[in-house]
Amino acid sequence: MGTRIPTHQLSSGLYLSGRPEQPKERQPTMSSRSAPYTGGDPTKSGELGKMLEIPAVDPNPTTKPSQNTGSVRSRPNSGPTIKHSGLGPLSRKSSGSGQMALPTGLFTSGPIGSGPVDISGGDGRRSGNLDRSGSMGKMVYGSGVTSLSEEVKVGFKVSRAVMWVFLVVVAMGLLVGVFLMVAVKKAVILVALGAVIVPVVVLFIWNCVWGRRGLLGFLKRYPDAELRGAIDGQYIKVTGVVTCGSIPLESSYQRVPRCVYVSTELYEYKGLGGKSANPKHCCFSWGSRYSEKYIADFYISDFQSGLRALVKAGYSAKVAPFVEPTTVVDVTKGNKELSPNFLGWLADRKLSTDDRIMRLKEGYIKEGSTVSVIGVVRRHDNVVMIVPSSEPVSTGCQWFRCLLPTYVEGLVMTCEDNQNSDVIPV
């Protein structure tokens, strides 16, 4: 009796003799998956994308089979087929008030686009290439620009102990002098008393008149330091050419573009019984009726070392600019015809145009001007910054000029360039 040969059926329906072959267990292989080429795209770069908070792409993209073959054969030790994109730029997220790296490599503070906005009926576009043809509207800046609403405060830095001792001695001298003058009834006592009081009064008036000029002379004589060798926290003076930061400014009346500091002030003269420009306006003097002063972060290139530093003057920093403005409009009694530009400037600020003697002064520091900055050095990675000092700047006693110690607070900035002269093109 013959034995029956076993058969088995394939998936295609054919019958074959013999038993089906048992599948062999595949040995595990150690394979390393090669990292795909990112092509400069941070969304495919793994850890770099996580650091920059960029969502990653799907790690297992679907691959389309080739038209020439019926199926795609997977080979060991090979990763999935990925379609590479072109080399793209590295985009970063930035906070609203932090530093940003521009495409030129410069570091600027604040977001791009936080510059001036024209609210004189325009389309409200932000700074960049601003359209100012035929418009005298008031400029409104964001938080990245510091509005200097007050004048630079220059005071006398004398300790309270010395002031109290001086006042006590003067008071005692007055009492003793008056008592002796009444008791002795001689004019000699009155002369001696005047010889003590008059020099003190003259010294005080002298310092009130020449204190500001003495401070400017001290700042001018202050030695320049080399920015390259300055250490963190050092108080230095740097002189060089300035360039605009991320927010260029524009003067209010003359529309001078690309400035780092602008100021426009309207003064009025008050005669006997005239109108006052402000509550503190005295008769027979000029009083400030309206003022606009703005300053933003900018760069300064040191003349000595050639190194460029970022001057942190924006974001409500305390700044003391000493820039002499020039008169651009002068309305006198003999010439009271106002120009259309000046009338438009007054109307945009809702200022009256009645019969007044007015004078409009404007000052600015244009890009390319030579400026001296006095402040504290701060180093952050490869960026050198100059920030305002927390302590006021004191000149000390200037004995030869009979000046008491004078102080000024904040970041000190002086500019001696004539505003009508040509500046260095940058």
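The structure presented is a predicted model; accordingly, all values stated were derived computationally and were not measured. Both backbone and side-chain heavy atoms feed into the values below; hydrogens, waters and symmetry mates do not.
By the neighbour-count criterion of 12 heavy atoms within 6.0 Å, atom CH2 of W286 is densely surrounded, having more than that number from other residues, nucleotides or ligands. More than 12 heavy atoms of other shown residues, nucleotides or ligands fall within 6.0 angstrom of atom OH in Y235.
Between the E362 side chain and the S252 main chain, a donor and an acceptor come within less than 3.5 Å of each other. S251 places no side-chain N or O within 3.5 Å of a backbone atom of Y253 that could act as its donor or acceptor partner. Here the side chain of D297 pairs a donor or acceptor atom with the backbone of A313 at under 3.5 angstrom. With hydrogens and angles disregarded, a donor-acceptor distance shorter than 3.5 Å links the side chain of T395 to the backbone of T406.
Looking only at side-chain heavy atoms (C-beta outward), Y261 and V242 stay at 4.5 Å or farther from each other. Counting heavy atoms from C-beta outward, F303 and T370 have side chains that approach closer than 4.5 Å. Between E265 and P325, some side-chain heavy-atom pair lies under the 4.5 Å cut-off. Annotation: side chain of D232 is in contact with side chain of R378 (closest heavy-atom distance under 4.5 Å). Side-chain atoms of R289 and S352, non-hydrogen and from C-beta on, do get closer than 4.5 Å to each other. Annotation: side chain of L266 is in contact with side chain of F342 (closest heavy-atom distance under 4.5 Å). Side chains of K366 and R258 form no contact here, defined as non-hydrogen atoms less than 4.5 Å apart. Looking at V328 and T264, their side chains never come closer than 4.5 Å, going by heavy atoms from C-beta outward.
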Subject >> CA sep, side-chain torsions, deciding dist, call: N341, V329, side-chain contact (heavy atoms from CB on, under 4.5 Å) >> reply: CA-CA 10 Å; N341 290 338; V329 177; over 6 Å; no

Original post:
Passes side-chain contact (heavy atoms from CB on, under 4.5 Å), L351 versus W345? Steps please.
Top reply: CA-CA 9 Å; L351 299 175; W345 187 89; 4.0 Å; yes

Subject >> Verdict with reasoning, K275 to H281, per side-chain contact (heavy atoms from CB on, under 4.5 Å) >> reply: CA-CA 9 Å; K275 298 180 180 179; H281 191 187; over 6 Å; no

**OP:** Take F322 and R212 through the test side-chain contact (heavy atoms from CB on, under 4.5 Å) and record every step on the way to the result.
**Re:** CA-CA 10 Å; F322 292 94; R212 185 184 181 93; 3.6 Å; yes

Could you pull out all donor-acceptor pairs under 3.5 Å where a side-chain atom in residues 215-226 meets a protein atom, sequence neighbours excluded?
from, atom 1, to, atom 2, distance (Å)
R221, NH1, G217, O, 3.3
R221, NH2, Q398, OE1, 3.4
D224, OD1, T239, OG1, 3.0
D224, OD2, T239, OG1, 3.3

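Atom NZ of residue K318 and atom OG of residue S390 lie 10.0 Å apart, to the nearest 0.5 angstrom. In this structure, the separation between OG on S263 and CD1 on I295 is 10.5 Å, given to the nearest 0.5 Å. Annotation: the span from K312 atom NZ to I386 atom CD1 amounts to 12.5 Å, rounded to 0.5 Å. Note: I357 CD1 to T332 OG1 = 7.5 Å, rounded to the nearest 0.5 Å. To the nearest 0.5 Å, atoms CG (L346) and CG (L338) are separated by 7.0 Å. Going from atom CG of L403 over to atom CZ of R213 covers 11.0 Å, rounded to the nearest 0.5 Å.
Y267 meets the ring pair (Phe, Tyr, Trp, His ring centres under 6.0 Å) test with no other residue; sequence neighbours excluded. The ring pair (Phe, Tyr, Trp, His ring centres under 6.0 Å) check on Y294 picks up Y141, with sequence neighbours excluded.
D330 and R359 get closest at one heavy-atom pair: OD1-NE, 3.6 Å. Closest of all the heavy-atom pairs between A296 and V145 is CB-CG2, 4.2 Å. Nearest approach of G229 to Q234, heavy atoms of both residues: O-OE1, 4.5 Å. The nearest pair of heavy atoms linking V323 to C415 is CG2-CB, 4.4 Å. The minimum heavy-atom distance linking A230 with R379 is given by the pair O-NH2, 2.8 Å. The minimum heavy-atom distance linking M413 with V371 is given by the pair CG-CG1, 3.4 Å.
One side chain, E292 or Y290, offers a donor N or O that lies under 3.5 Å from an acceptor on the other. There is a side-chain donor-acceptor pair under 3.5 Å between S305 and D302.
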